[in-house]
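These numbers come from the heavy atoms of this one structure, side chains and all, not from hydrogens, waters or symmetry mates.
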Amino acid sequence: MSETSLVTNILKTLETSSSIGMFARDTGGCLISKLAFSRSKDESKEISFAELSESAVFYFSAPAAAKLGADIFSKTNGISKENLTTPFKDLKNIKDPNLLKSIKIGKFSQIASTFSLILPLVFAIAPLRNFITLFNSGKKDFTSVVGLKDKKEENKKQEAKTKAKNLIKTLGLVSLGALALTAASAGLMKNDKIYKKAEPFLDKTLKHLDFTKTGDLELMHYGALIYPVSIASYFYASRDKYEKAENARRFLITVPLLFFGEKLIEKPIHKAFDKKFGTNVMENGSIKSYKEILNMPLAEQKQYLKTKNSAYGLTFFINTMAIAGAVALLNRIETKRNFNKENKQTAAAQNAADNIILKDRIQQWKIKNTRI
């Protein structure tokens with residue numbers, strides 16, 4: 001296999017919106033960049049756990065839960081699995097109102113039950129990361145985890161275990177409650193009057209959150225629901241003000257770029273490489289996919305793949321690896337600067353207080369000796 005074909009096969013996988021492609025993009029790009037700027041072994045372990053867990057939950061739990069939901073809710077609604085996985089845009093072709101009603105209720109149940117399971121899992125990641133660190137190293141403060149100060153507490157394993165169990169129990173109850181609410185809602189909507197009132201809500205929900213036949217979701221809509229929970233989890237699990245500040249900087253930069261960053265830079269980059277290599281990968285405002293290029297005549301493929309690999313590779317590097325690395329470096333610099341600044345101020349304040357106490361004691365000694 002040539003070097004070009006190896007690069008093509010790697011980037012072709014990253015370009016797809018499949019679970020595997022998205023997992024490789026986010027985990028590979030973000031994990032490598034963040035580990036490169038890690039400040040301690042404990043932080044490296046936390047980064048690895050969080051990135052791998054998040055990507056696994058984000059990109060694999062939804063398709064798995066959706067497929068399971070398709071099996072369950074096709075049976076409970078008396079329809080075939082093929083009916084339930086009919087894309088929302090094609091439901092207009094179904095003329096039987098009873099079948100259409102059953103499909104919409106089944107799809108809603110599938111979506112609601114999937115998120116009832118996923119969202120508690122997402123919220124659990126950041127707190128569980130903290131409990132693992134506390135269990136293994138006894139470090140409770142963020143500044144200790146990243147090596148800015150050396151502070152750890154002994155005999156914290158039981159505390160970490162207890163907190164983890166309580167968190168899992170609470171989130172488990174939330175998940176069960178959401179599943180019960182889903183079942184109750186689906187049952188009520190089988191009533192024709194209630195269904196008629198609920199149908200506009202169902203249509204909006206299915207339009208934005210419907211699963212594909214393989215269980216994938218549109219990232220824009222999926223992320224708009226799942227990322228707020230992830231962000232809330234990180235702020236909930238922040239161990240001190242320095243970690244809160246790091247999370248704020250991270251999400252203010254990365255969340256907008258996650259949804260819009262690639263779209264902002266991919267066309268100018270493809271246009272520049274088209275000009276350099278004399279190709280038309282970007283034509284009429286749209287960019288040819290790897291699938292389209294690989295279906296072109298062999299005589300044109302090599303040059304077009306050269307453009308595509310260069311342009312897409314640079315887009316991926318800038319929007320994923322470079323941004324993740326830049327944010328990690330910014331957080332490292334700012335946290336250290338603020339920590340040192342505050343410690344100097346604290347030390348100066350303490351010295352001033354000590355001097356006042358010392359002067360007061362000297363003055364009292366002088367008064368006492370004068371009386372004698």
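- Under a cutoff of 6.0 Å and an axis angle of 45°, Lys308 and Tyr290 form a cation-pi pair.
- A salt bridge links Lys101 with Asp192; the closest basic N to acidic carboxylate O contact falls under 4.0 Å.
- The backbone N or O of Val122 lies less than 3.5 Å from no partner atom in the side chain of Ser230, so there is not a single donor-acceptor pair.
- Distance alone, capped at 3.5 Å, is enough to place a donor-acceptor pair between the Gln301 side chain and the Leu294 backbone.
- Checking Asn309 against Tyr304 by side-chain atom types alone, no donor-acceptor pair falls below 3.5 Å.
- The salt bridge (Lys or Arg N to Asp or Glu O under 4.0 Å) check on Glu243 picks up Arg129, Arg239, with sequence neighbours excluded.
- A donor-acceptor contact closer than 3.5 angstrom is absent between the side chains of Thr315 and Glu266.
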Distance-only criterion, 3.5 Å: show the donor-acceptor pairs between side-chain atoms of residues 163-172 and protein atoms not counting sequence neighbours.
unit_1 : atom_1 : unit_2 : atom_2 : d
Lys163 : NZ     : Glu159 : OE2    : 2.9
Asn166 : ND2    : Thr162 : O      : 3.3
Thr170 : OG1    : Asn166 : O      : 2.9

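- Scanning for salt bridge (Lys or Arg N to Asp or Glu O under 4.0 Å) contacts around Lys149 gives Asp141, with sequence neighbours left out.
- Defined by atom type and a distance below 3.5 Å, a donor-acceptor pair is missing between the side-chain atoms of Asn130 and Thr133.
- Close placement of the Tyr236 and Phe123 rings is indicated, their centers lying within 6.0 Å of each other.
- Residues passing the ring-ring contact (aromatic ring centres under 6.0 Å, His included) test with Tyr234 are Phe251, sequence neighbours excluded.
- In this view, Lys241 and Glu342 satisfy the side-chain hydrogen bond (donor to acceptor under 3.5 Å, both in side chains) rule, not counting sequence neighbours.
- Residue pairs meeting the side chain to side chain donor-acceptor pair (under 3.5 Å) criterion with at least one member in residues 277-287, sequence neighbours excluded: Asp274-Thr279, Thr279-Thr307, Glu283-Lys288.
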